[in-house]
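Scroll down for the structure; my scribbles are underneath it.
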Amino acid sequence: EDADRLAAFDARVAADDFIEPKDWMPEAYRKTLIRQISQHAHSEVVGMLPEGNWLTRAPSLRRKAILLAKIQDEGGHGLYLYSAAETLGVTREELIEALHSGRAKYSTIFNYPTLTWADIGAIGWLVDGAAIMNQVALQRTSYGPYARAMVRICKEESFHQRQGYEALMVLANGTHAQRRMAQDALNRWWWPSLMMFGPPDDNSPNSAQSIRWRIKRETNDELRQRFIDATVPQAEALGLSIPDPALKWNEATQHYDCGQIDWEEFYAVVRGEGATAKDRIQARIDAWEKNAWVREAALAHAAKRSTKQAA
Ligand code: 3HC
């Protein structure tokens with residue numbers, strides 16, 4: 001009987017149907033979706049920290065208001081994605097506990113420190129730019145709630161990318177010191193941004209199954225290449241140089257060839273090595289504990305409201 005249900009499930013995925021929470025699904029499909037969606041949510045929430053570091057030091061009220069709006073969006077993306085993960089039968093507490101205990105991952109990009117204001121521009125331009133490449137593809141992921149969450153998130157993400165690029169444009173066209181600051185940020189954020197797409201396809205344990213289940217619609221390397229091809233001309237428009245001496249346009253393939261990514265660094269950051277990783281998790285644990293009263297108040301308020309309505 002499971003064979004029939006599995007055949008029906010595979011046929012629906014192959015027909016590009018959305019799988020919905022109440023549909024039968026293989027346990028392994030459910031499990032890998034909880035893994036990916038919850039880690040996506042953790043990335044959004046931890047990603048608020050490096051940018052939050054510059055809120056009180058934004059160079060103008062305009063920049064501060066834009067950054068505040070972006071950070072608020074990221075928090076919303078996180079809650080959206082936690083809710084999508086909960087439709088698969090896991091509780092918010094379990095998801096948060098997995099992050100705080102270090103069992104769950106979040107994108108390595110957020111373990112890098114934001115050393116200057118230019119980093120805020122580089123994050124918007126490169127990190128949100130890479131996230132857009134990945135998330136546009138995820139709008140067609142086979143799990144309905146995840147795909148629909150992506151539609152809204154992608155709209156807000158393009159604002160994030162543009163505001164970052166515009167902030168860097170101001171610096172790149174500013175004083176020598178500002179230009180140097182913009183170039184220094186590109187030098188530090190370029191390679192970690194390429195790592196956001198995950199390990200190479202020939203070393204990506206989840207990809208084959210995720211492609212078969214149409215959770216992943218394009219491979220890590222395909223999306224990474226698309227990001228490089230789109231971003232190099234943007235760097236040229238800023239008059240900044242990409243920190244990769246091997247980068248060059250390949251007329252035959254119509255793509256940029258680029259140098260070797262340091263996967264040793266990637267796996268070290270995934271393992272949580274480096275001071276920032278410990279600070280990030282500690283900051284999340286402190287926030288969760290310090291703000292427990294907000295959750296309790298909201299729950300008490302909701303309970304009061306529902307008893308009033310019931311009466
Ligand atoms: N950082 C940390 N871990 C990573 C990683 C990264 N950049 N890239 C891959 N990994 C992990 C995977 O999670 C997996 O470990 P796991 O099995 O314990 O989860 C392992 O490395 C092997 O990688 P695979 O390629 O086999 O894993 P996936 O098939 O899951 O592909 C992925 C990785 C492309 C990141 C995929 O999970 C994905 O598309 N996730 C959704 C997008 C996402 O999470 N983006 C993170 C950034 S969100 C963001 O930037 C928000 C923006 O607003 C700033």
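Numbering of ligands and ligand atoms starts at 1, following listing order.
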Nearest non-hydrogen protein atom, [atom]:
atom: atom 25 (O) of ligand 1; value: S204 OG, 2.7 Å
atom: atom 35 (C) of ligand 1; value: M196 O, 4.0 Å
atom: atom 49 (C) of ligand 1; value: A131 CB, 4.0 Å
atom: atom 39 (O) of ligand 1; value: N134 ND2, 2.9 Å
atom: atom 27 (O) of ligand 1; value: N206 ND2, 3.2 Å
atom: atom 53 (O) of ligand 1; value: E74 OE1, 2.7 Å

Do NZ/NE/NH1/NH2 and the carboxylate oxygens of [X] and [Y] come within less than 4.0 Å?
X: R12; Y: E20; result: no
X: R226; Y: D229; result: no
X: D73; Y: R152; result: no
X: E166; Y: R63; result: yes
X: R180; Y: D184; result: no

Is it true that [X] lies under 4.0 Å from ligand 1, counting heavy atoms only?
X: I37; result: no
X: Y267; result: no
X: P205; result: yes

Which of the numbered atoms in ligand 1 are under 4.0 angstrom from any heavy atom belonging to [X]?
X: N220; result: 25 (O), 34 (C)
X: S43; result: 46 (C), 47 (C), 48 (S)
X: Y106; result: 1 (N), 2 (C)
X: L138; result: 41 (C)
X: Q39; result: 13 (O), 19 (O)
X: G198; result: 8 (N), 9 (C)

Ligand 1 to [X] polar contact by distance, N or O atoms, under 3.5 Å:
X: K105; value: yes
X: M195; value: yes
X: K70; value: no
X: H160; value: no
X: K216; value: yes
X: T108; value: yes
X: V127; value: no
X: Q135; value: no
X: E157; value: yes

| query | Of the options E157, E51, Q163, E156, which is the one that meets K70 in a side chain to side chain donor-acceptor pair (under 3.5 Å)? | reply | E51

For this output row, return yes or no: ring centroids of [X] and [Y] closer than 6.0 angstrom.
X: Y106; Y: H40; value: no
X: F227; Y: F197; value: yes
X: H42; Y: H100; value: no

Under 3.5 Å, is there a donor-acceptor pair between the side chain of [X] and the main chain of [Y]?
X: R284; Y: R280; value: no
X: R179; Y: G239; value: yes
X: R214; Y: T141; value: no
X: Y256; Y: A230; value: no
X: Q39; Y: Q36; value: no
X: Q139; Y: A147; value: no
X: R224; Y: L194; value: yes

| Are any non-hydrogen protein atoms located under 4.0 Å from atom 32 (C) of ligand 1? | no

| query | For ligand 1, is any non-hydrogen atom under 4.0 Å from Q36's backbone (N, CA, C, O), its side chain (CB onward), both, or neither? | reply | side chain

| Where's the contact between D128 and ligand 1, heavy-atom distance under 4.0 Å: side chain, backbone, both or neither? | side chain

| message | Parallel, tilted or perpendicular, judged at 30° and 60°: which one describes the rings of W263 and Y267? | response |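 Correct class here is tilted.
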
| message | Looking at non-hydrogen atoms alone, which of F110, F266, Y146, F197 comes nearest to atom 5 (C) of ligand 1? | response | F266

| query | Of the choices R35, H40, E44, M48, which has the non-hydrogen atom that lies closest to atom 44 (O) of ligand 1? | reply |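 Among R35, H40, E44, M48, the closest heavy atom to atom 44 (O) of ligand 1 comes from H40.
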
